[in-house]
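Structure first, commentary second.
Lettering follows sequence order; numbering is per chain, from 1. All values below come from the heavy atoms of this structure, side chains included, with hydrogens, waters and symmetry mates left out. Keep in mind the model is a prediction, meaning the values are calculated, not measured.
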Amino acid sequence: MSILEGEGVTKYFGGLAAVSDVDFHVDQSEIVGLIGPNGAGKTTLFNTISAAIAPRPGVIRFKGKRITGLKPYQVCRMGIARTFQSVKVFNNMPVFENVRLGSFFGTATRMSSAESAKEAEELLDFVGLSAMNTTLAGDLTLVNQKRLEVARALATKPELLLIDELMAGLNNTEVAQAMKLVTSIRDKGITIFMIEHVMKAIMGVCDRIMVLHHGVKIAEGTPQQVATSQTVVEVYLGE
Amino acid sequence: MRNKSIMFMVSLLLVLVLMALSLFVACPAPAKDKIVVGMSRPLSGPLAIIGDSAFRPIYETWVPMVNADGGIYMSKYGKYLPIELKIYDDKSDVGTMTRLTEKLILEDKVDFLWPACGTSFVFGQAPIANKYGYVLVTAEGGATTIKEALPSLPYLFVSLSFSDWYEVPVLAGILAEQGVKTAYVVYIADLHGIEYSGVFGIELPKKGIQIVGNVSVPPDLKDFAPVITDAMNSGADAFLCEGYPDQVLPAMGTSIALGYNPKVWLGGPGANFGFFHTAFGPAVEGVTCWAVANRKTSPAMKEMYDLLYEGKPEDVHDWWGHPLYWASLDIWKAAVEKVGSTDQDALREVLATTKLDTVLGPTWFTMFGDGGGLMAYESHTGEVGQWINGELEVVGYTGIEETLPNYKATADFVYPKPLWPAPAE
Amino acid sequence: MLVSALNIVINGLLLGGLYALVAMGLNLQYGVARVLNIAHGEFIMLGAFITWAMYTKFGINPLLSIVIVGPIVFIIGFIIQRTLFTSLRTSAPSQPAFEGSSMLASFGLLFIIQNVALIIWGGDMRAYSYYNFGINLGGAVFAANRLIALIFAVVIGIAFYIFLVRTRIGKAIRAAAEDPTTAGIMGVNINLVLALCFGLGAVMAGLAGVFLSMCFPIYPVMGLEYLIITLIVVVLGGLGSIPGSFIGGFILGLIGSAVSSWQPSLALAAYYFIFMLLLIIRPKGILGK
Amino acid sequence: MDIIRGVFKMPRLWWLISLILLVLLATLPLYGSAYTVILITAIIMYVILTVSWTMFFAPTGYLSLATAAFFGIGIYTMAILGEQLPLLPAVIAGGLVSFVVALIVGAITLRLRGVYFTIFTFGLVELIKHLLLFWEINVTGTRGRFVVLENNNTIFGVILGIFVVLMLTYYLLRRSKYGLALRSIGENEEAAAHLGVNVNLLKVFTFALSAFFMGAAGAIMATRWTYVDPYVAFNVLHSFLPVLMAIFGGMSQLYSPIIGAVIFAYIEEQLLTRFPEYFMLIFGVILVVAILYLPNGLVGLVRKWWQKGLREENVNS
């Protein structure tokens, strides 16, 4: 069953279509990759899903319910969390508070202070930041900030996690760690939709891959199918 | 290093304690060798324009003059005591003014209180002075609404002339005598302006003058051309602009520029100042305004003006408020000398019941029941002025001296006003 | 009807010219130096008072005092930027922090300049008459001095724009406005450019003061009043857009003139209302990027 | 030294100190001079304006200059309702009217950020002033309004009460999850929204909450001023002074804006009475110097020295 569906999702900026008539679906417990050259409209598509912007025209459904027109916080509380392409941690707040914020406000049910503290500690442990509880988020290294964003998103108890370029700028060891992190999130039963440029990573973890080019979906399939697709190769070589 | 932080804490504590102490320690009263007079004045902020040109030059001249004679004779102490002014800056803020007034009364325990600047400030200050039983003879500020408040403010004595009590009936008399039939009124959108607009609406029709236009302008309006154009189109005999210099000067400039020549052009408060003449030169000829006296009014008045304006530029002249502020200090001094002490209740009694000599001549207050008083209009030497041959003359109408014995017109009203001169360039 | 419409337009333009000049100055300071200069109105006051003093004391033609006022306020502005604001800029942790602290520091400047003016000139209102006669244009009559003020404001405004677009230093200023860091790398002496901009912004205000004193009464505490209108114009035209401020000044002049011919006491309320409406609908202003 | 440090970390001691100070303040009319009560009333008024301004600015970074507008609304509410309602309900009404206006204004200005928000709020003061003026002249024909004069000790009691409620509110807000969310809005509004924070509602509500206290303070102060017209009530100084006071004291701690406002107001009082001719000059210089050399306010400076002292002491030992 599809947890997320999009029909004819379109978004214009000025006269330019950033995303044009894209149909997509993400199934329960799947890891779906979204790739494409720079400016293909990947982040814009994520923005329409997380309700940062509204598609026009187009409809997006989450667990069968229409979410277009909702506010970001509502979508978040329904169970969609996200990370950002350019890291957006709260620089002047300690790591711990960053995560707690997610569990306080992002979950559908109210959470007591003690529960949220416990939750936050577990999540920081899960992403490997437990030693940096009290560090200011702005003082973390880039890779740790990205981990923090994942922990923070998980604190909202999502069913679907949108990950925007988790691995850009990481070295090989770090990429491997990040791949492990992604699979272990899925093992918690969370569906993942991720944008990624590191091909090795995306080919390694994804069940299915979508390719966007100039806002249009040009290919979809298993990593194998996409890697051998003539159109996809042309798009990437043609750059 | 331990010492340094402790030192810091100690010094911080010391400063705080000293600050706290200075709040509570009041200076012990020394033997009486001077009269301390307290004032909260707008030395900064938007009202500084009014304060600096109105009451300030008066008290800055009058006090040294009195002190040069040794001060005020106080029979209780059997000697002359000089006046010492204690002036605070209220930065043109009513809240600060009320606080500083109470500081003067409660903490500084000044012997006498002199007034704050501006009508709304007087309204704010009077109830406080009244509460502590301090006599307050006002300078700048006055309005018809004060009459409603006066019965409950026994310590308040208002000296500046204002609309219905003094000025407008005289103006209406002058205009009616000249045969003015229609008037166009422009007024500033504040307490002062609304009042005049209202009083014009009552007093002018009484004399058969119809008001054909009645327009308010906000205090910071820069552009008077639309208003003047409208007035021109109305064809009214008299143009009455009631605002402050900030309105009167641009209204005048625009009238000249647009060639608007009504038979009467009145600009009150604004056209009564020397800077009006320096700004417009010969164009002021025939302009009407509120005025109380000039040097021709009386020898006493000439003496006052000579003392006040000697060695100063024409800009600072004021033929409306200055004589009244001076008279308010004169009557205050005369009353204090009669009392012979700093007793406020006795002072109130003298002011309420006695005719005293001031620069105006015999001067007294008309009392409102058991409350405060307004300077009797019979004491005034003039209400309306007109620029004639480069001098601001006091004008009147036939028979005015019968109703107002002190009134002295120094010239006849010129009607219609001469046309604006052709450009000099 | 036609004449009254013409009257409204001409009066609007006359007032707008002054607004435009002052707003260009403020926008130059904010757009490049990132200082929202609350003391901007004080430079208007300085310009006006220097002109008045020159005219009444020495009989110097107000238009000639442009060459006196210009350099004086330029030097004051230049020095303030080189000392106070440069020091604030280098110590500020971030751009918004600098904008906040510099705005507050300029508030302190307002206090200082105003108090000095009160000490020198006293609080009294001043005025003089200069070219105050009517000029008839198609039935609409208006004052000659205001026409002179308009012409000079427009000429100075356009001359300044040409300076920005055509000259080397003008291009450096625009580069700095676009991106101070890159401009610094590309060999532009950023501190000098900023000081230059601040000085020039002050000159605009000072010259506006010169023209203003020919038409309106002046007093030491007049600055804040003009500052408020200037802020509206700057936002109307777009923060950082010099041509926007120029146009915005005229638009506000026209609006004010139209509303005051209908209901004078609402003119200022109309300014604020339109200004706030614009902020909501198009916060970047008419020509903002 | 360790003892002192340890003691200052104990929140219970802070509560005790606050309580003692509060009792000292509350009993002031019993031992302080009449003018001391008046002066402290004025200082607490500044403190309330400063703290409630800080309540919104410090976490979110939205610099509002609408303080004078809400303060003025409170003043005017008292001028209109003061004769019909008893004192306390009228004060609360002043706060509520400000609260509602702030809700509306906040909802409209949601889109604005940075200097645009600041300029808008500044314009708000002038807009309300001029509309009220127009209304008074053309509709009600009122020429200013008189407010019933209240006993100074009563005024002091009420303003102290407002101050205590404000401090409790601010304390609880800072500690609560909403305080955390407000800070996240100040750091990154977009990220906060995607973490489930109802950014708009929280911002507007906090803005309105701060306006409530400004309005209540205005309502009670009006009874000291006795006479009110739009020019008296809507004075831009009341927008700027709280900002300056907050910057002066700093904003990092609960008590920093209080210290800023108290010292600032005290210096002002001294200048106005001792050097009235040079008030603005000296004030301006203090302001410029404070901004140049106290980037984190007085409290920030003291804490820096304090921490430096502790560090060096540790090195020595």
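For the pair B:Lys417 and B:Trp420, the cation sits on the ring face: its NZ or CZ lies under 6.0 Å from the ring centre, inside 45° of the axis.
Between B:Tyr260 and B:Phe239, the two ring planes are perpendicular [angle over 60°; tilted spans 30° to 60°]. Note on ring orientation: taking the six-membered ring where Trp is involved, the planes of B:Trp319 and B:Tyr305 are tilted (angle from 30° to 60°). Relative ring orientation between C:Phe43 and C:His40 is described as tilted, the plane-to-plane angle lying within the 30° to 60° band.
Of residues 204-218 of chain C, those residues with a non-hydrogen atom less than 4.5 Å from any non-hydrogen atom of chain B are, in numerical order, C:Phe216, C:Pro217.
Atom CH2 of B:Trp265 is separated from atom OG1 of B:Thr288 by 9.5 Å, given to the nearest 0.5 angstrom. Rounded to the nearest 0.5 Å, atoms CG (B:Leu100) and NZ (B:Lys91) are 9.0 Å apart. To the nearest 0.5 Å, atoms OG1 (C:Thr230) and CE (C:Met24) are separated by 13.0 Å. The line from CD1 of C:Ile68 to CZ of C:Phe58 is 9.5 Å long, rounded to the nearest 0.5 Å.
B:Thr229 touches chain C through its side chain: at least one heavy atom from C-beta onward sits under 4.5 Å away, while N, CA, C and O do not. Of the atoms belonging to C:Trp52, it is side-chain heavy atoms, and not backbone ones, that fall under 4.5 Å from chain B. At a 4.5 Å heavy-atom cutoff, the contact between B:Leu43 and chain C is made by backbone atoms alone. Of the atoms belonging to B:Asp315, it is side-chain heavy atoms, and not backbone ones, that fall under 4.5 Å from chain C.
With chain C as the partner, the residue from B:Ala54, B:Ala283, B:Gly281, B:Ala279 showing the most heavy-atom pairs under 4.5 Å is B:Ala279. Comparing C:Tyr271, C:Tyr226, C:Phe111 by heavy-atom pairs within less than 4.5 Å of chain B, the highest count is held by C:Tyr226. Between chain C and the options B:Ser53, B:Ser216, B:Pro46, B:Ala48, the largest number of non-hydrogen pairs under 4.5 Å is found for B:Ser216.
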Report the C-alpha distance between B:Phe273 and B:His317 in whole Å, list the side-chain angles of each, state the deciding distance to 0.1 Å, and finish with yes or no for ring pair (Phe, Tyr, Trp, His ring centres under 6.0 Å). CA-CA 5 Å; B:Phe273 293 107; B:His317 295 184; over 10 Å; no
